[in-house]
Amino acid sequence: MLNEKYAPHEIEAKWQKYWEDNHTFKVEIDENKKKYYVLEMFPYPSGNLHMGHVRNYSIGDVVARVRKMQGFNVLHPMGWDSFGMPAENAAIKHGIPPKNWTLDNIANMTKQQKALGLSYDWDREVTTCKEDYYKWTQWFFELFYKRGLAVKKKSAVNWCDTCNTVLANEQVIDGKCWRCDSTVVKKELSQWFFKITDYADELLQDLELLPGWPERVKTMQKNWIGRSEGLEFSFDVPKFQEKLAVYTTRPDTIYGVTFVVVPPEHPLVEKLLADNPNREELQAFCDDVRNTSDIERTSSESEKKGMYTGVDCIHPLTGRKVQIWITYYVLYDYGTGAVMGVPTGDQRDWMFATKYGIEKIITIQPKDQELKLEDMTCAYEEKDGVLVNSAQFTGMEMHKAMSAIIDYMEEQGLGKRKVNYRLRDWLISRQRYWGAPIPIIYCPHCGEVLVPEEQLPVRLPEDVNFNAGSVSPLATSTSFINCKCPKCGADAKRETDTMDTFLCSSWYYLRYTDPKNAEKCFDKDANMYWGPVDQYIGGIEHAILHLLYSRFFLKVLRDAGLVDYDEPFTNLLTQGMVIKDGAKMSKSLGNVVSPEEILSQYGADTARLFILFAAPPERELEWSDQGVEGSYRFLNRVWRIVAHFESLIEQKVISYDAAKLSEQDKELRRALHSSIKKVTEDINQRFNFNTAISSLMELVNALYAYKDKCAEPNAGLVYEAVSNLLKMLSPFVPHITEELWNKVIDSTTSVHDQEWPSYDPEALKVAEVEILLQINGKGKGRIVVPSESTKADLEQLAVTNEAIREHLEGKKIVKVIAVPGRLVNVVAK
RNA sequence: GCCGAAGUGGCGGAAUUGGCAGACGCACUUGACUCAAAAUCAAGCGCCCUCAAAGCGUGCCGGUUCGAGUCCGGCCUUCGGCACCA
C-alpha cells in the first residue's frame, strides 16, 4: 500500500542504500551486448558540488539510464581530477597536508553525488593523486620521452607570479592566468614540453571525424591550431655575410617589399648593434621594448614603434636594397621571427611606412582600375586583384600569382613552401608540489636519465616546505632530490618539477575501462571493448584545453599501439552554465544556490527534474526557485495519480482488447503512445530532455482527465499507461519511480531493469481530424473530416463549404491547395 | 577585424520536413473547497479594443511562396572564442 504522501527523503535514502548494497550499477564486459560509454567530465575535488556539477551529472545519468534500458551494456564511471593548486594553497594557508585536504573533499563530494542517485559504477572510481594512478601518468611521460615527444628546452615561457609556476599557452586567457587571473609575464626558462605541434596537422584534419561535436568547439580548436600556408625565403645581408629568413602568406606581394622588421630577441640583432654608429640609441630602444609588458606588446591598439638599424639587405628577386628595422610588433616565436614589410599590401605595414617615411611600391591593384600612390590612404587589402610592378608576374591574377611565385622561388632555390601553426608546444612542467613528479634523474655523468619503469611511481615526499618561494617545494626535500643514477650509480638529483594536471586528465577516460590493473596502464582488450567514449558531457570552458590535450594524448597512444582508434570522444555535449538573476552564480554576487540546500528541501528527484526541464542541455539555465517548486508539484501529482489507480492496478490485469475500447480509453491510449514516441525521439535524436519531460507531463495530465471523465476505467489500459509512465520517468527521477514501481507494479523487479517501451503506430491513429480552411492564407473556418480524407476530398469539401462560399462571393478561385490532416487553402481573386 | 552561436508572451521555453505561432511549466487573475490560510481542483491568460468583430504579432528591411519563426539577400543587437600569427 502506498503512503498517502510523497516523502522524498525517506524513499531516496532507502533506494540509494539498496542500489549501493546490491552494486546495481556495476558493469562488466559482455561480448554479447553492445557497449555504450557515457562520461561526464570528472570534477576537481574543491569540497562541494555546485549546480554546474548537478546539471552535468543529471544529463549524463539520464543518458546512461536510458541506454541501459535500451539494451546497451553501459559504462558510466566517476573519478577525481585531484592534483592541483587549491590543495597546495590550503596547505600553505592552514597547514593541512594537500593529501588530507583532497581526500576529505573527495569523501564529502562523493556523499553529495550519491545523494543525487547517480548510476555510477563506483568500483571503477579513479583518483589522479593516488599512487596507483599517477604511476601510470609517469609511465606515459616516459612513453612520450622515448618517442621524442617529451623534451626539455629553454625558451620564453609564461610565468604566473601568484601561482609561482609556469603555464601552458592554453592556460593564459587574455594575458592572465586561467586559475588566479593575475597578469602573466614572460620568463626565459628551461622547461619540459610535450611536442603537440608534431600532431598539429592531424589534430586539425581529424576534426572532420567528429560530426558529433558542436561546431563551435571544432571552430575554436581550428582557430587555436591556426594553420597557414605560405612561403619561407631569405634576404641576403651582405654586411655580415648572413641570411635573414622571413615567412609570408602573401608571396604575391613580394615585389612590394621595402623593409624587413625584426624583434629585439632576433639572433641577428646582436650583430646589427655590434659596431653600429647608433648603437646606444638602438640598445636603449631594445631595452625599452623588453621592459614593455607582453600585453602591451601584442595589443593591436598600441602604436607601431620601430627604429631603422642603418643596415640593409638585398631583395632576392629585384636585387634592391631593403631596410632592416627593429620593432616589437613581431612575434619572435612564430614563423622565422622576422617579417617582410609591404606597405601597399598590409595595413600595419602601411602605417609603419607612413610613420617613418619608408618607400611604398604598388604591386597589387583592382582588375579594372589603376592605383596611384598619391590617392591611396590605406593599404590595398581586397580579396581580388592583379599584379603590377612584378617583373614577369605583372598582369597575373593575385591568387594564381601566389602559387606561381612560390613555384618560381622553389625552382630558383630561393625559398620554399611552408606550413605554419599558431599552436605551440605544450609546456607540461610546473614548479609546484601537488602533482605527479616528472620521472627524470639528472646525473653528473650521464645527464638526463629516465627513472626505470620498475621503480615507478616516483612518490611525492611529505617532508617538504610549501613556502619555498620560486623553487618547487620538492626541491626542499633532501630525501626526495638525492638519488643514485640508474645508469652509472653515481650520486644524482631528481627533477623537482611536477606535471601539469591537464596531463593527468588527458587519459583518465582510458583508465576507467580497466581501473585496477596493476601491471599495465590498461588492458588493450578491455579498452577495445569499451572505447572510445560514445558520449562525453562537460562545460565549454574545456573547448581547447582538456579536449585538445586528450585528443593529442590518444593519438600518441594509438601510434604506440596501445589503442586502435583515432579520437577519444565520439560525441560531445557542451552543457550551458547555470545562472541566476541573469549572471553566473558566484559568491561575490551572492546569487549562489547550493545543491545541498535544494536536496534537503525537496530531494534529488525534484532537483534533477527541474534542472533537466528548465532548458535544453546546451543552453544557459536560469535558476528559478519557483520552477523548482513546480517540479516538486509535478512529482506529487504523479504520486497521487498512481495512488489513485493503485487498487485497480493491483488486479494485475495486464492486457486488454484494443478493439473494445471506449472513446476515453482510446484517447488515453493515444496520449500514452504518442508520449512514448515523443520521449524516445527527443532523447535519442537530440537530447532534448526538456521537451521529453513536458511530454510526460502531458501524459500525466491525460491520466487525470481519464480519471475524471471515465466512470469505468479499463484496468489493463491503466496498467499499461502507469507502468510505461514510470519507465519513461525513471531515468529522470529514479527514486520516486522505483518506489512506485516497487509498491504498485511489481515488488520483485526494479523499474531500472525494464526495457524501454516502444509505441504502437496503430494507437496514434485518430478517426477524425480538424482541418483549417483558409482563403489566401488566412483562416476562415474549420471542418472535421475523417482522418484518411485525401487531397481531392478536402478540396471538394472546401469549395462546397458554406462559410468559404460566403467569403468567395464575387471572387474567382485560382487554385486550391490541400494538405491532408492539416489545412486547405483556397487561392482566389 | 576574423570565427561561432543566439534574438519568439510578464518569465523559462515549444513549434523536429515551409502548413493553425506560443506545447509544457512558472508567474498572474477569477472561481470551487475552507471559519480562514496552505494544499488541491476548475477556468482564463500575446498585443490592440469597454466587449465583440476586425486588425496586428517570432530583432529590422526586402525577396521567394498559395502559405515563412522556419528558406534567400541585406542590416541591427546580444553573448562567446580568437586576435599585431605576417
Side-chain angles (χ1 to χ4, degrees), chain A residues 5 173-174 214-224 226-228 230-231 246-250 253 260-261 263 297-302 304 327-331 333-342 345-349 351-352 381 420-424 540-541 543-544 576-577 609-610 613-616 618-631 633-634 636-637 640 678 681-682 685-686 688 690-701 704 708 770-779 782 814-828:
Chain A
K5 264 202 89 188
I173 316 287
D174 289 334
E215 211 49 51
R216 65 169 173 160
V217 174
K218 288 192 276 188
T219 308
M220 279 159 82
Q221 293 211 353
K222 252 176 235 165
N223 289 345
W224 190 259
R227 183 182 197 272
S228 72
L231 168 72
V246 297
Y247 169 74
T248 179
T249 54
R250 291 295 304 278
T253 64
V260 175
V261 275
R297 270 182 81 164
T298 55
S299 157
S300 50
E301 252 94 273
S302 63
K304 313 264 173 287
T327 178
Y328 56 73
Y329 73 81
V330 176
L331 299 169
D333 57 354
Y334 180 77
T336 62
V339 180
M340 67 181 203
V342 184
D346 181 287
Q347 188 53 28
R348 280 166 306 180
D349 295 347
M351 294 192 306
F352 193 78
E381 287 185 313
N420 265 318
Y421 299 94
R422 260 190 26 193
L423 182 71
R424 304 295 145 84
I540 186 76
E541 66 273 16
I544 24 196
M577 264 195 306
L609 186 70
F610 167 72
F613 177 62
E618 308 235 8
R619 248 198 263 185
E620 256 179 13
L621 186 152
E622 170 79 32
W623 185 267
S624 151
D625 291 331
Q626 285 156 334
V628 177
E629 194 72 45
S631 294
R633 210 147 46 208
F634 171 69
N636 277 288
R637 248 169 99 73
R640 288 197 307 269
K678 171 106 176 110
E681 287 172 357
D682 280 352
Q685 290 164 21
R686 32 179 222 167
N688 276 13
N690 56 330
T691 50
I693 291 168
S694 73
S695 169
L696 290 166
M697 288 174 169
E698 285 179 281
L699 176 56
V700 171
N701 291 346
Y704 271 89
D708 289 344
E770 200 182 51
I771 295 284
L772 175 73
L773 297 179
Q774 292 182 319
I775 294 176
N776 294 335
K778 303 216 165 177
R782 291 162 197 285
V814 181
K815 206 174 177 187
V816 180
I817 291 139
V819 184
R822 294 191 192 272
L823 54 80
V824 186
N825 187 15
V826 180
V827 186

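Residue numbering restarts at 1 for every chain, and letters A, B, ... go by the order of the sequence lines. The basis for the numbers below is simple: all heavy atoms, side chains too, and nothing from hydrogens, waters or symmetry mates.
- Between the side chain of Asn825(A) and the base of C66(B) there is at least one donor-acceptor pair of N/O atoms closer than 3.5 Å.
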- Taking it one step at a time, do Glu215(A) and Lys218(A) satisfy side chain to side chain contact (heavy atoms under 4.5 Å, CB included)? CA-CA 5 Å; Glu215(A) 211 49 51; Lys218(A) 288 192 276 188; 3.9 Å; yes

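- For the P atoms, the distance linking C33(B) with G13(B) amounts to 39 Å, nearest Å.
- Residue Asp174(A) contributes atom CG, which lies 7 Å from atom P of G81(B) at whole-angstrom precision.
- Stem analysis of RNA chain B (Watson-Crick or G-U pairs, both distances under 3.5 Å, runs of at least three) returns B:1-7 with B:76-82, B:10-12 with B:24-26, B:28-32 with B:40-44, B:59-63 with B:71-75.
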- Message: Tyr421(A) vs Ser228(A), test: side chain to side chain donor-acceptor pair (under 3.5 Å). Steps then yes/no.
- Response: CA-CA 6 Å; Tyr421(A) 299 94; Ser228(A) 72; over 6 Å; no

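- Out of G4(B), C41(B), A86(B), the shortest distance to the side chain of Arg216(A) is found at G4(B).
- Among A86(B), G19(B), C41(B), the nucleotide with an atom closest to any side-chain atom of Gln774(A) is G19(B).
- Among the candidates Val339(A), Val260(A), Leu231(A), the single residue satisfying the side chain to side chain contact (heavy atoms under 4.5 Å, CB included) test with Val246(A) is Val260(A).
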- Task: Assess whether side chain to side chain contact (heavy atoms under 4.5 Å, CB included) is satisfied between Phe610(A) and Glu629(A), documenting all intermediate values.
- Result: CA-CA 9 Å; Phe610(A) 167 72; Glu629(A) 194 72 45; over 6 Å; no

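- Spacing between atom CG of Asp708(A) and atom P of A42(B) amounts to 6 Å, rounded to whole angstrom units.
- With sequence neighbours left out, Glu381(A) forms a side-chain contact (heavy atoms from CB on, under 4.5 Å) with Asp346(A), Gln347(A), Ala379(A).
- Ring pair Phe352(A)/Tyr329(A): centre-to-centre distance below 6.0 Å.
- At a threshold of 4.0 angstrom between heavy atoms, the contacts of Arg348(A) include nucleobase atoms, whether or not backbone atoms are also involved.
- As rounded to the nearest Å, A6(B) and U58(B) have C1' atoms that lie 14 Å from one another.
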- Item | Step-by-step side chain to side chain donor-acceptor pair (under 3.5 Å) determination, Arg637(A) to Asn701(A) | CA-CA 9 Å; Arg637(A) 248 169 99 73; Asn701(A) 291 346; 2.9 Å; yes

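- As judged by a 4.0 angstrom heavy-atom cut-off over every strand, Val827(A) is placed among residues touching the sugar-phosphate backbone only.
- Comparing A39(B) with A32(B), their C1' atoms are spaced 14 Å from each other, to the whole Å.
- Nucleic acid contact class of Tyr421(A) (heavy atoms, under 4.0 Å, all strands): none.
- Contact annotation: Asn690(A) reaches the phosphate of A14(B) (side-chain N/O to OP1 or OP2, under 4.0 Å).
- Contact annotation for Glu698(A): backbone-only contact, meaning every heavy-atom pair under 4.0 Å involves sugar-phosphate atoms and none involves a base.
- Tyr334(A) has a side-chain polar atom (N or O) that falls below the 4.0 Å cut-off from OP1 or OP2 of A86(B).
- Within 4.0 Å of Glu681(A), counting heavy atoms only, lies no atom of the nucleic acid at all.
- Between the side chain of Asp349(A) and the backbone N or O of Val342(A) there is at least one donor-acceptor pair closer than 3.5 Å.
- More than 90° away from 0 lies the glycosidic angle of G25(B), which makes this nucleotide anti.
- Residue Val342(A) is classed as having no contact, given no heavy-atom separation below 4.0 Å to the nucleic acid.
- Put simply, the side chain of Ser695(A) never gets that close to the backbone of Thr691(A): no donor and acceptor are under 3.5 Å apart.
- As rounded to the nearest Å, C26(B) and U40(B) have P atoms that lie 10 Å from one another.
- The CG-C1' distance, from Leu423(A) to C82(B), rounds to 14 Å in whole Å.
- No engagement by Pro214(A) is indicated, since no non-hydrogen atom pair under 4.0 Å with the nucleic acid exists.
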- Under the side chain to side chain contact (heavy atoms under 4.5 Å, CB included) criterion, do Val816(A) and Val824(A) qualify, and how do the steps go? CA-CA 7 Å; Val816(A) 180; Val824(A) 186; 3.7 Å; yes

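- Looking at heavy-atom distances under 4.0 Å, Lys678(A) makes contact with a base.
- Taking the P atoms as reference points, U70(B) lies 13 Å from C20(B), given to the whole Å.
- For the pair Arg424(A) CZ and C85(B) P, the interatomic distance rounds to 11 Å; values are reported in whole Å.
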Distances under 3.5 Å between protein N/O atoms and the N/O atoms of nucleotides 27-32 of chain B, please, pair by pair.
residue: A27(B); atom: OP2; partner: Arg633(A); partner atom: NH2; Å: 3.3

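- Arg640(A) has a side-chain polar atom (N or O) that falls below the 4.0 Å cut-off from OP1 or OP2 of C41(B).
- Nearest-nucleotide mapping onto RNA chain B: of Ala614(A) and Arg637(A), the residue sitting toward the 5' end is Ala614(A).
- The 5' end of RNA chain B is approached more closely, in terms of each residue's nearest nucleotide, by Met220(A) than by the other of Ser228(A) and Met220(A).
- For Asn223(A) and A83(B), the CG to P distance is 9 Å, given to the nearest whole Å.
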- Take Val261(A) and Met340(A) through the side chain to side chain contact (heavy atoms under 4.5 Å, CB included) test and state the conclusion after the steps. CA-CA 6 Å; Val261(A) 275; Met340(A) 67 181 203; over 6 Å; no

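- Remark: the separation of the C1' atoms in G9(B) and G63(B) is 28 Å, to the nearest Å.
- For Leu823(A) and C20(B), the CG to C1' distance is 8 Å, given to the nearest whole Å.
- Atom CD in Glu215(A) sits about 14 Å away from atom C1' in G81(B), given to the nearest Å.
- The backbone N or O of Asn223(A) lies less than 3.5 Å from a partner atom in the side chain of Arg422(A), making a donor-acceptor pair.
- For A14(B), the OP1/OP2 oxygens have a side-chain nitrogen or oxygen of Arg619(A) closer than 4.0 Å.
- Between U64(B) and G10(B), the two P atoms lie 32 Å apart (nearest whole Å).
- Nucleotides A14(B) and G59(B) place their P atoms 15 Å apart, quoted to the nearest Å.
- Not one side-chain nitrogen or oxygen of Ser694(A) sits closer than 4.0 Å to the OP1 or OP2 atom of G13(B).
- OP1 or OP2 of G13(B) has not a single side-chain nitrogen or oxygen of Asn688(A) nearer than 4.0 Å.
- Of the candidates Val700(A), Ile693(A), Leu699(A), Met697(A) forms a side chain to side chain contact (heavy atoms under 4.5 Å, CB included) with just one, namely Ile693(A).
- In this structure, Tyr329(A) atom OH and C85(B) atom C1' are separated by 13 Å, rounded to whole Å.
- If you check every strand for non-hydrogen atoms under 4.0 Å, Asp682(A) touches a base.
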